[in-house]
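Treat the numbers as computed from the prediction; the structure is a model and nothing was measured.
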Amino acid sequence: MNRCYLLILLAFSACKPAVLSPEALTAFVADEKNGLKKSVEVEGVKIEVAYRPTDLWIYQEIEDDIVSPGRIDSLRSKYDRYLYFVVSLSKNNKEALHQVEGGFGQYSDLVQTLSFRMPEYTTLTTAVQDTIHMGDFTLNRTYGLSTATELLFVFNREKAVDSEWVQLNLNEFGLGVGNQRFRFATEDLKNVPALAFAGR
């Protein structure tokens with residue numbers, strides 16, 4: 001009987017929380033144990049890829065405003081059609097873009113690539129061998145004032161729905177880190193805790 005009770009307690013403690021605050025959800029995503037963030041270090045360059053959940057986009061849009069359940073549902077419908085991944089590139093806790101050793105020529109080429117050409121180097125593939133091409137991307141220009149060079153990649157979610165996993169493929173784009181693969185279990189992406197919105 002005691003053993004049975006212990007197993008039940010362990011099962012409940014392993015469950016992910018259903019609702020979190022914005023700060024707690026951000027921390028949840030950042031904890032690699034939850035499967036929403038992957039990282040690797042190559043030649044001194046740290047590459048981190050983090051999934052950005054729908055509810056964090058909604059929170060960014062409404063901030064602390066009290067909104068109706070209908071407004072939340074509308075925004076969820078808007079953002080939930082896509083998968084969002086933030087790729088961070090750092091070296092010595094600084095932006096990797098501003099740590100290149102090949103002089104201005106390499107820096108200039110990288111700025112052009114990161115700003116305009118990343119669809120040539122980045123795809124999302126699935127367990128059923130579908131390739132999902134990038135819908136949109138953006139480079140966050142912080143001009144060396146941040147701890148990492150950050151890019152946001154956006155992919156259509158539809159092809160990923162029935163796949164066991166999705167894999168972000170980041171091919172060599174001029175930084176000298178080679179081809180990198182970051183795999184995420186679809187179940188982890190689906191089961192992200194929701195945010196507790198005011199008025200919800």
Side-chain angles (χ1 to χ4, degrees), residues 26 29-30 32 35-54 56-58 60-61 78-161 163-186 188-189 192:
T26 300
V29 171
E32 292 196 31
L36 303 175
K37 182 179 178 181
K38 312 288 181 179
S39 63
V40 67
E41 189 164 329
V42 182
E43 300 295 328
V45 177
K46 187 172 185 179
I47 308 169
E48 296 180 325
V49 181
Y51 175 66
R52 185 168 173 83
T54 292
L56 285 180
W57 290 114
I58 296 172
Q60 182 176 312
E61 186 161 329
K78 169 186 172 181
Y79 287 109
D80 216 27
R81 291 178 290 168
Y82 304 98
L83 295 170
Y84 307 89
F85 294 94
V86 177
V87 175
S88 303
L89 308 163
S90 62
K91 188 172 185 178
N92 301 321
N93 293 316
K94 298 178 181 178
E95 292 188 38
L97 175 60
H98 293 269
Q99 302 298 305
V100 295
E101 298 174 355
F104 181 77
Q106 184 188 9
Y107 170 79
S108 180
D109 286 345
L110 272 173
V111 169
Q112 290 298 307
T113 297
L114 294 172
S115 299
F116 305 109
R117 298 196 290 264
M118 289 310 287
E120 300 173 25
Y121 304 97
T122 313
T123 58
L124 197 69
T125 51
T126 73
V128 291
Q129 305 303 311
D130 280 330
T131 297
I132 305 173
H133 294 284
M134 196 185 303
D136 199 5
F137 84 103
T138 184
L139 168 67
N140 184 17
R141 295 299 303 271
T142 50
Y143 304 97
L145 300 177
S146 180
T147 57
T149 302
E150 288 191 345
L151 299 106
L152 171 68
F153 294 132
V154 183
F155 300 90
N156 192 297
R157 185 188 293 268
E158 187 178 0
K159 283 187 177 180
V161 170
S163 178
E164 181 186 353
W165 48 259
V166 293
Q167 179 173 282
L168 183 75
N169 306 300
L170 184 63
N171 292 332
E172 172 59 48
F173 56 91
L175 195 59
V177 295
N179 299 336
Q180 300 299 326
R181 306 290 180 253
F182 302 90
R183 185 171 294 186
F184 297 83
T186 309
D188 290 335
L189 305 184
V192 179

Applying ring-ring contact (aromatic ring centres under 6.0 Å, His included) to Phe182 and Phe85, what does each step give before you reach the verdict? CA-CA 11 Å; Phe182 302 90; Phe85 294 94; 9.7 Å; no
Side chain to side chain contact (heavy atoms under 4.5 Å, CB included) evaluation trace for Tyr51 with Val192: CA-CA 10 Å; Tyr51 175 66; Val192 179; 3.9 Å; yes
So does [Y] get a backbone contact from the side chain of [X], meaning a donor-acceptor N/O pair under 3.5 Å?
| X | Y | result |
| --- | --- | --- |
| Glu172 | Val177 | yes |
| Thr186 | Glu164 | yes |
| Tyr84 | Tyr79 | yes |
| Gln112 | Ser115 | no |
| Ser88 | Ala148 | no |
| Thr138 | Leu152 | no |
| Glu48 | Val86 | no |
| Asn156 | Glu158 | yes |

Residues which pass ring pair (Phe, Tyr, Trp, His ring centres under 6.0 Å) with Tyr82, listed by chain and number, not counting sequence neighbours: none
Could you go through Phe173 and Thr122, starting from their C-alpha distance and side-chain angles, then the distance that decides it, and tell me whether this counts as side chain to side chain contact (heavy atoms under 4.5 Å, CB included)? CA-CA 9 Å; Phe173 56 91; Thr122 313; over 6 Å; no
Interatomic spacing from [atom1] in [X] to [atom2] in [Y] - rounded to 0.5 Å:
| X | Y | atom1 | atom2 | result |
| --- | --- | --- | --- | --- |
| Thr123 | Leu168 | OG1 | CG | 7.5 Å |
| Ile58 | Asp80 | CD1 | CG | 8.0 Å |
| Lys46 | Asn92 | NZ | CG | 12.5 Å |
| Glu120 | Thr113 | CD | OG1 | 7.5 Å |
| Asp109 | Leu114 | CG | CG | 10.5 Å |
| Ile47 | Gln180 | CD1 | CD | 4.5 Å |

Which heavy-atom pair separates [X] from [Y] by the least distance, and what is that distance?
| X | Y | result |
| --- | --- | --- |
| Lys159 | Thr126 | O-CG2, 4.0 Å |
| Arg183 | Lys38 | O-CE, 2.9 Å |
| Val100 | Leu110 | CG1-CD1, 3.3 Å |
| Leu145 | Glu95 | N-OE2, 3.3 Å |
| Ala160 | Val166 | CB-CG1, 3.5 Å |
| Glu32 | Ser39 | OE2-OG, 2.8 Å |

For side chain to side chain contact (heavy atoms under 4.5 Å, CB included), just list the numbers for Thr54 and Arg157, CA-CA rounded to whole Å, side-chain angles, deciding distance to a tenth of an Å, and then say yes or no. CA-CA 12 Å; Thr54 292; Arg157 185 188 293 268; 3.9 Å; yes
Side chain to side chain donor-acceptor pair (under 3.5 Å) with Asn169: which of Thr131, Thr125, Asn179? Thr125
Do the non-hydrogen side-chain atoms of [X] and [Y] ever get within less than 4.5 Å of each other?
| X | Y | answer |
| --- | --- | --- |
| Met118 | Leu139 | no |
| Leu56 | Glu61 | no |
| Phe184 | Gln167 | no |

For atom NZ of Lys94, is the number of surrounding heavy atoms from other residues, nucleotides or ligands below 6.0 Å larger than 12? no
Checking side chain to side chain contact (heavy atoms under 4.5 Å, CB included) for the pair Leu151/Leu89: CA distance, chi angles, key distance, verdict? CA-CA 9 Å; Leu151 299 106; Leu89 308 163; 3.9 Å; yes
